[in-house]
Amino acid sequence: MSRLDLHLHTTHSDGSLSPADVIGLAYKAGVTALAITDHDITTGIQDAMATAEPLGIEVIPGVEISSQQGESEIHILGYFIDWQEVEFNARLAALRASRHRRNPLIIEQLQALGIDITYAEVRTLAGTDSVGRPHIARVLMEKGVVTSAKEAFDRYLAQGKPAYIPRELPSPVEAIQWIRAAKGLAVLAHPTWVKTTEGTLTDVVRLLKAAGLDGVEVHYSTHTARQTREYLSLAKQVNLLVTGGSDFHGLTKPDIEVGIGKGTLHVPDSLLLTLKQAAGRL
Ligand code: AMP
Ligand code: ZN
Ligand code: FE
Ligand code: FE
């Protein structure tokens, strides 16, 4: 039985493996179609396509955009985007610029805590324009300040920790509109992360659907069987497409593997046909 993985990060954002290496792992895991969904950048897609083609793996051009609604970060995935579209890439470049305003402030906080680290070191390790906290976590690991990315987030980088600095983020409605303007499908990523202060997750999802949301990531590495069932029924109730993926990052989430997540993820390849129909790609 073949499987999909529609949520993968590479070295073009905060993943630790190149697109070619990620495709290699996907091949070994029996993945027949996948999406590269780097944060705020589309440059990894071409390399991924070049490596995947001879292996018979289909690459769906994707992206992941972080947005903010009230207290909650809401991540929106884009699929089948016109990834070379100039205006869309300009929007992503603006998001990356906001990362470069934020990251040096995080570094200043770490320095104030007595840690020897510079933003230049982080940029060198990242080797991409889409620089995120996981890159800072990896520099802290390399310096022996922490032994895992989790520890870096738990001690310094997560919200509420001493080196946390917020980033200016678009609203989820903006992210959805940008993805749709680039002819993509907009999908709510990992719904477990959504914090609701007023109303329920269903209320939030209904509002996003009214703004153009196309789907929800029902299958995800950390979802329990019960959560998967709940989100499947949410998708049915609100009439949304179903997607799924591992959110593989390599080193910064070492317990998550391409295609199988923590071992129990299975994204059925039957989803793909429906997604393609909805995206007008058939
Ligand atoms: P940023 O985009 O710079 O705000 O960093 C957020 C990213 O860091 C998320 O998209 C996750 O990939 C990753 N992340 C968040 N929390 C953790 C954690 N506790 N451990 C490892 N990675 C994390
Ligand atoms: Zn990430
Ligand atoms: Fe995410
Ligand atoms: Fe992700």
Side-chain angles (χ1 to χ4, degrees), residues 1-8 23 26 29-38 42 45 48-49 52-53 55-65 74-83 85 88 172-173 175-192 194 201-202 204-248 258-261 264-282:
M1 196 168 25
S2 63
R3 59 176 77 229
L4 303 178
D5 193 335
L6 301 179
H7 192 157
L8 296 159
I23 300 292
V31 170
T32 49
L34 56 84
I36 302 294
T37 55
D38 276 313
T42 57
I45 293 167
M49 285 178 167
E53 218 227 275
L55 298 173
I57 295 177
E58 184 177 359
V59 174
I60 292 134
V63 72
E64 184 173 20
I65 299 177
I74 293 184
H75 292 189
I76 305 291
L77 293 156
Y79 293 117
F80 300 101
I81 45 167
D82 189 353
W83 58 279
E85 214 243 342
F88 184 65
V173 172
I176 290 166
Q177 286 170 348
W178 298 341
I179 288 165
R180 291 184 60 114
K183 302 187 183 64
L185 298 175
V187 171
L188 172 66
H190 40 67
T192 34
V194 179
L201 177 65
T202 309
V204 172
V205 168
R206 277 191 201 284
L207 285 173
L208 296 181
K209 160 95 179 169
L213 187 76
D214 297 288
V216 58
E217 190 174 47
V218 167
H219 305 278
Y220 187 71
S221 293
T222 63
H223 288 173
T224 61
R226 184 184 167 156
Q227 284 172 324
T228 305
R229 279 198 303 275
E230 263 175 43
Y231 299 138
L232 200 54
S233 101
L234 172 69
K236 275 207 186 113
Q237 198 186 338
V238 185
N239 192 22
L240 285 167
L241 299 163
V242 173
T243 75
S246 64
D247 207 1
F248 175 80
V258 176
I260 58 168
T264 52
L265 180 72
H266 187 98
V267 186
D269 70 347
S270 54
L271 297 179
L272 190 57
L273 190 62
T274 315
L275 292 176
K276 281 185 181 170
Q277 276 164 344
R281 302 298 160 112
L282 273 185

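The first residue in the sequence is number 1, and the count goes up from there. Bear in mind the structure is a predicted one, so any value in this text is a computation, not a measurement.
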Looking at A33 and I60, what are the two nearest heavy atoms and their distance? CB-CD1, 4.4 Å
With D247, which residues qualify under salt bridge (Lys or Arg N to Asp or Glu O under 4.0 Å), at least two apart? K253
As an exercise, state the distance from CG of L185 to CG of L77, rounded to the nearest 0.5 Å. 11.0 Å
Shortest non-hydrogen contact from I23 toward A52: CG2-CA, 3.8 Å
Can you give me the closest heavy-atom contact between A48 and I36, atom names plus distance? CB-CG1, 3.6 Å
Of V267, T32, L4, which meets side chain to side chain contact (heavy atoms under 4.5 Å, CB included) against L272? L4
Here the gap from L234 atom CG to R206 atom CZ, rounded to the nearest 0.5 Å, amounts to 8.5 Å
How close do L213 and A186 get, heavy atom to heavy atom, and via which atoms? CD1-O, 3.4 Å
So T243 and V216, side-chain contact (heavy atoms from CB on, under 4.5 Å) or not? Walk me through it. CA-CA 6 Å; T243 75; V216 58; over 6 Å; no
Would you name the heavy atoms of M49 and P61 that are closest together and state the gap between them? CE-CD, 4.2 Å
Between the side chain of S221 and the main-chain N/O of S246, is any donor-acceptor distance below 3.5 Å? yes
Within 6.0 Å of CD in E53, more than 12 heavy atoms from elsewhere: no
When you look at L34 and I57, which way does the side-chain contact (heavy atoms from CB on, under 4.5 Å) test go after all the steps? CA-CA 7 Å; L34 56 84; I57 295 177; 3.8 Å; yes
On a heavy-atom basis, the closest approach of G212 and R180 is O-NH1, 2.7 Å
Which value, rounded to the nearest 0.5 Å, describes the distance between I81 atom CD1 and I65 atom CD1? 8.0 Å
For residues Y79 and I179, determine if any side-chain heavy atom of one lies less than 4.5 Å from a side-chain heavy atom of the other. no
Any donor and acceptor pair, going by atom type alone, linking the side chain of Y231 with main-chain N or O of Y220 inside 3.5 Å? no
Rounded at 0.5 Å granularity, tell me how far OG1 in T222 sits from CG in L265. 10.0 Å
Run the side-chain hydrogen bond (donor to acceptor under 3.5 Å, both in side chains) test against T37 and tell me which residues pass, sequence neighbours left out. none
Knowing that exactly one of H190, H75, H219 qualifies, which makes a side chain to side chain contact (heavy atoms under 4.5 Å, CB included) with H7? H190
Output the distance between atom CG (D5) and atom CG (D269), rounded to the nearest 0.5 Å. 13.0 Å
Side chain of K209, backbone of N239: donor and acceptor closer than 3.5 Å? yes
Report the distance from atom CG of L275 to atom CG of D214, rounding to the nearest 0.5 Å. 9.5 Å
Heavy-atom side-chain contact between I76 and W178 under 4.5 Å: no
Side-chain contact test, heavy atoms from C-beta onward, threshold under 4.5 Å: evaluate it for F80 versus K276 and give yes or no. yes
Only one of V218, T274, T228 passes side chain to side chain contact (heavy atoms under 4.5 Å, CB included) with V242; say which it is. V218
Checking side-chain contact (heavy atoms from CB on, under 4.5 Å) for the pair L273/L282: CA distance, chi angles, key distance, verdict? CA-CA 8 Å; L273 190 62; L282 273 185; 3.6 Å; yes
